[in-house]
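Working notes for the structure below.
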Amino acid sequence: VKEYHYFYNKHLMSQSLPRFDCLWLTGITSSPETPTTDDLGPRLHLYSWLGTRYIVTPDSVDLPLPLKYQARIKIYENPDAFPRAYLVFRTELAADFKRAQAMTADTAVDLRQVAFVETDDLLLNGKPGNGKAIITAYHSGKITITAWTDQPALLVLTDNFYPGWECLVNGKQTAIARVNGLVRGVLLQPGSHTVVFRYIPMPFTAGLVLAGLALLIYGLLTITRVF
């Protein structure tokens, strides 16, 4: 842990890299029965897709990746790591989230070019397009992304799809889709967009509903008394 923090503070903070763009994979172990390289290889494209830029291993482990740091531990950089938010212009339909996950795990699939969705209203034909998505603010309960595109596109945020999140696109409530069976996505039309994901816990939402009902009942009682 000490070496990890030393590397982070000395090498990453000096580059002004945002925290949300520096995901880590830690705790890899190796044994004669399951060599680390054999374990990592089939999953590396998935780690890359999820934005895992750095991989921390014991000093005894060798990986076919650029070595960035070595002192009791090794820290490798993954040059193929995706940005945490990106656009795709082609989607394919999966029967359910398990099928979407299986399709995503196929190493023959270029996840920069296609995403797997579970409803046909999110299907995109893959017409070539230009665009970009940039995370401008990242907090535990709120994420802001600026994006532009010249074609209909799916904005993919590689954070877990989870109840309680809502999305506003240019201030308008927009449905969040489960993408690749695991993460979040929203459909964008051509143009420039400010996309805000925010977390509203269910108990908080229920509390607002109950408070609203209480006010409604109070209002009805007041009206009854007046008349």
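Between A85 and I135, the shortest heavy-atom distance links the atoms CB-CG1, 3.9 Å. The two residues L46 and A105 make their nearest non-hydrogen contact at CD2-CA, 4.0 Å. Contact detail for V156 and V179: the closest heavy-atom pair is CG2-CG1, 4.2 Å. Taking both residues in full, the closest heavy atoms of L188 and L87 are given as CD1-CD2, 4.1 Å, listed atom of the first, atom of the second, then distance. When every heavy atom of P66 is checked against every heavy atom of P79, the shortest pair comes out as CD-CD, 4.0 Å. The nearest pair of heavy atoms linking A81 to T52 is CB-O, 3.5 Å.
Residues satisfying the side chain to side chain donor-acceptor pair (under 3.5 Å) test with T144, not counting sequence neighbours, are none. Under the ring pair (Phe, Tyr, Trp, His ring centres under 6.0 Å) criterion, F89 pairs with no residue, sequence neighbours left out.
No side-chain heavy atom of D80 sits less than 4.5 Å from a side-chain heavy atom of Y47. The shortest distance between side-chain heavy atoms of V114 and V109 falls below 4.5 Å. D121 places none of its side-chain heavy atoms less than 4.5 Å from the side chain of L187.
Summarising the geometry, atom OG1 belonging to T146 is positioned 5.0 Å from atom CD1 belonging to I134; distances are rounded to the nearest 0.5 Å. The structure places CG of L155 at 7.5 Å from SG of C167, a figure rounded to the nearest 0.5 Å. Taking CG of L65 as the start and CG of D62 as the end, the distance is 11.0 Å to the nearest 0.5 Å. Considering NE2 of H45 and CG of N78, their distance stands at 12.0 Å, rounded to 0.5 Å. Note that OG1 of T158 is 9.5 Å distant from CZ of F82, once rounded to the nearest 0.5 Å.
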side-chain contact (heavy atoms from CB on, under 4.5 Å) between I55 and L44, intermediate numbers included: CA-CA 10 Å; I55 298 172; L44 184 57; 4.1 Å; yes

L111 and F116: CA distance, side-chain angles, deciding distance, side-chain contact (heavy atoms from CB on, under 4.5 Å) verdict: CA-CA 9 Å; L111 295 174; F116 302 108; 4.2 Å; yes

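Sorted by first and then second residue, the side chain to side chain donor-acceptor pair (under 3.5 Å) pairs involving residues 174-198 (not counting sequence neighbours) are E118-R178, E166-R198, N170-H193. Residue pairs satisfying the salt bridge (Lys or Arg N to Asp or Glu O under 4.0 Å) criterion with at least one member in residues 128-157, sequence neighbours excluded, are absent. The side chain to side chain donor-acceptor pair (under 3.5 Å) analysis of residues 93-114, with sequence neighbours excluded, yields no pairs. The stretch residues 85-95 participates, sequence neighbours left out, in these side chain to side chain donor-acceptor pair (under 3.5 Å) pairs: W49-Y86, R90-E92.
The closest donor-acceptor contact from the side chain of K68 to the backbone of Y76 lies at 3.5 Å or more, if one exists at all. Using a distance-only test at 3.5 Å, with no hydrogens or angles considered, no donor-acceptor pair links the side chain of K74 to the main chain of L67.
Following chains of ILVMFWY side-chain contacts shorter than 4.5 Å, one cannot reach V196 starting from Y138, and the two form parts of different hydrophobic clusters. Both V186 and Y162 belong to a single network of hydrophobic side chains, linked directly or stepwise wherever heavy atoms of I, L, V, M, F, W or Y lie under 4.5 Å apart. By the criterion of side-chain heavy atoms lying less than 4.5 angstrom apart, applied directly or through intervening Ile, Leu, Val, Met, Phe, Trp or Tyr residues, V169 is grouped together with F161 in one hydrophobic cluster. F197 and L168 fall into different hydrophobic clusters, defined by Ile, Leu, Val, Met, Phe, Trp and Tyr side-chain heavy atoms under 4.5 Å apart, directly or through other members. Taking hydrophobic clusters as Ile, Leu, Val, Met, Phe, Trp and Tyr residues chained together by side-chain heavy-atom distances below 4.5 Å, F97 does not share a cluster with V117.
Here the rule is side-chain contact (heavy atoms from CB on, under 4.5 Å) with D159, and of V183, L50, I143, L182 only I143 fits it.
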